[in-house]
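The structure under discussion appears below in the form of C-alpha cells.
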Amino acid sequence: MSRKKLRIVLFGPQGSGKGTQGQMLAERFNIPLIGAGDLFRKEIVDGTRLGFMVKEYVDHGSLAPDELVNAVITNRLKKIDLSKGFILDGYPRNVEQAQHLERLLKINLALYLRMSDTEAMRRLLGRRQCGQCRANFHVTDIPSPKGDECSMCDAPLIRREDDEEETIVRRLATFHFITEPLVSFYRQKGTLLTIQAEQTASEVFHDIVKKMAKLGFS
Ligand SMILES: [Zn+2]
C-alpha cells in the first residue's frame with residue numbers, strides 16, 4: 001500500500017496548540033516531528049561554525065538573519081531521515097524562509113492553525129505552571145483543584161515569564177506581520193489547509209485528520 005508522502009509545515013500563533021497537534025499528527029501518521037528550535041540547539045551543541053554564529057544571536061537575544069537560519073535548516077535536514085515524510089514546526093517563519101524551503105523540499109501540506117488574538121490571549125494569560133514539578137494548568141480550562149497550588153505537590157503555581165501580557169502582545173503582532181503572509185504564499189502553491197483552532201485539542205485534531213483524508217492524505 002502506498003500513500004502520499006506527507007511533507008508538512010505547521011504554523012499558527014502562539015497559543016494555537018501547535019505543539020500538541022504536531023505531536024498527535026506525528027503519532028497518527030508515524031512521521032517525525034521536527035522542531036526548528038531543536039535543530040538550532042543541536043547545531044550549537046555540535047560546535048560547528050554555523051552553531052557558533054547562531055549562538056551569538058541567541059546570547060544577545062536577537063533574531064538570526066534569514067541566511068543563517070536557512071543555512072542551519074539546510075544543514076540539519078540533510079542529517080535526518082525524511083524518507084517517511086515529516087512535520088516541520090517553527091520553520092519557516094516568513095515568506096523568504098518558505099521560498100528557501102521550497103527549493104530544498106516540496107512541501108505538500110501547509111497546516112495553518114487559525115486563532116483570534118482574543119482567544120490566544122485568553123489561553124496564554126491563563127496558563128499556570130507548578131514551580132516545582134512543572135505540571136501545567138490553566139485558570140479556567142484546566143484549574144488545579146487546590147486553587148493557586150499544584151494538585152500533585154502543593155507547590156505554588158506561577159505564570160511563566162513568556163506568558164506576561166506585554167510579551168504575548170508583541171509575539172502576536174510579530175506573527176501577524178512576519179509569519180501570517182505564509183497563508184497567501186501556501187494558498188498560491190495550492191497546499192494551504194486552514195483549521196479553526198478555537199476548539200478543544202481533540203476537536204482540532206479530528207478536524208485536521210478529516211480534512212487531510214479529503215485531500216488524499218490518510
Ligand atoms: Zn507540582
Side-chain angles (χ1 to χ4, degrees), residues 8-46 51 54-55 57-64 76 80 86-91 93 111-175 179 195-209:
I8 305 177
V9 295
L10 182 59
F11 69 105
Q14 198 194 7
S16 61
K18 244 168 7 108
T20 307
Q21 297 303 326
Q23 282 173 9
M24 288 164 93
L25 288 165
E27 259 175 54
R28 169 74 169 75
F29 293 102
N30 192 26
I31 49 178
L33 172 64
I34 303 170
D38 294 330
L39 299 186
F40 281 88
R41 277 186 286 277
K42 279 182 191 149
E43 196 71 42
I44 294 173
V45 168
D46 279 3
V54 171
K55 193 172 182 300
Y57 286 95
V58 172
D59 288 349
H60 290 92
S62 50
L63 220 57
R76 281 288 148 187
I80 300 173
F86 61 86
I87 305 174
L88 193 50
D89 176 19
Y91 179 91
R93 275 190 195 272
L111 271 180
Y112 169 43
L113 300 183
R114 186 166 59 194
M115 177 172 282
S116 69
D117 284 2
T118 316
E119 177 63 6
M121 287 290 287
R122 192 195 69 78
R123 291 189 181 197
L124 295 167
L125 285 175
R127 291 206 294 203
R128 295 293 181 273
Q129 193 175 48
C130 172
Q132 199 162 297
C133 75
R134 305 283 160 202
N136 291 304
F137 299 90
H138 188 280
V139 287
T140 51
D141 301 356
I142 324 163
S144 166
K146 294 185 178 167
D148 294 336
E149 289 171 357
C150 178
S151 57
M152 323 275 196
C153 69
D154 295 343
L157 298 183
I158 51 174
R159 184 188 270 182
R160 302 187 322 179
E161 255 175 63
D162 273 9
D163 292 344
E164 294 301 333
E165 187 162 357
E166 231 177 272
T167 314
I168 299 169
V169 169
R170 186 154 27 87
R171 285 205 176 170
L172 290 174
T174 306
F175 176 81
T179 308
I195 300 290
Q196 178 51 256
E198 293 181 22
Q199 328 172 58
T200 66
S202 70
E203 284 167 343
V204 172
F205 180 67
H206 288 298
D207 203 11
I208 295 174
V209 171

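Ligands are counted one by one from 1 in listed order, and the atoms in each one are counted from 1 as well. The figures here come from the full heavy-atom set of this structure, side chains too, leaving out hydrogens, waters and symmetry mates.
To the nearest 0.5 Å, atoms NZ (K55) and NE2 (H60) are separated by 10.0 Å. For the atom pair D141 CG and N136 CG, the distance stands at 12.5 Å (nearest 0.5 Å). For the atom pair CD1 of I208 and CD1 of I195, the computed distance is 5.0 Å after rounding to the nearest 0.5 Å.
In terms of heavy-atom proximity, G22 sits nearest to I87 at O-CD1, 3.7 Å.
Electrostatic pairing of D38 and R76 does not count as a salt bridge here, judged by no charged N lying under 4.0 Å from a carboxylate O.
For the Zn ion (ligand 1), protein N/O/S neighbours under 2.8 Å (waters excluded) are C130 SG, C133 SG, C150 SG, C153 SG.
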Exercise answer: donor-acceptor pairs, residues 147-159 side-chain atoms, under 3.5 Å, sequence neighbours excluded:
from	atom 1	to	atom 2	distance (Å)
D154	OD1	K146	NZ	2.7
R159	NH2	L125	O	3.3

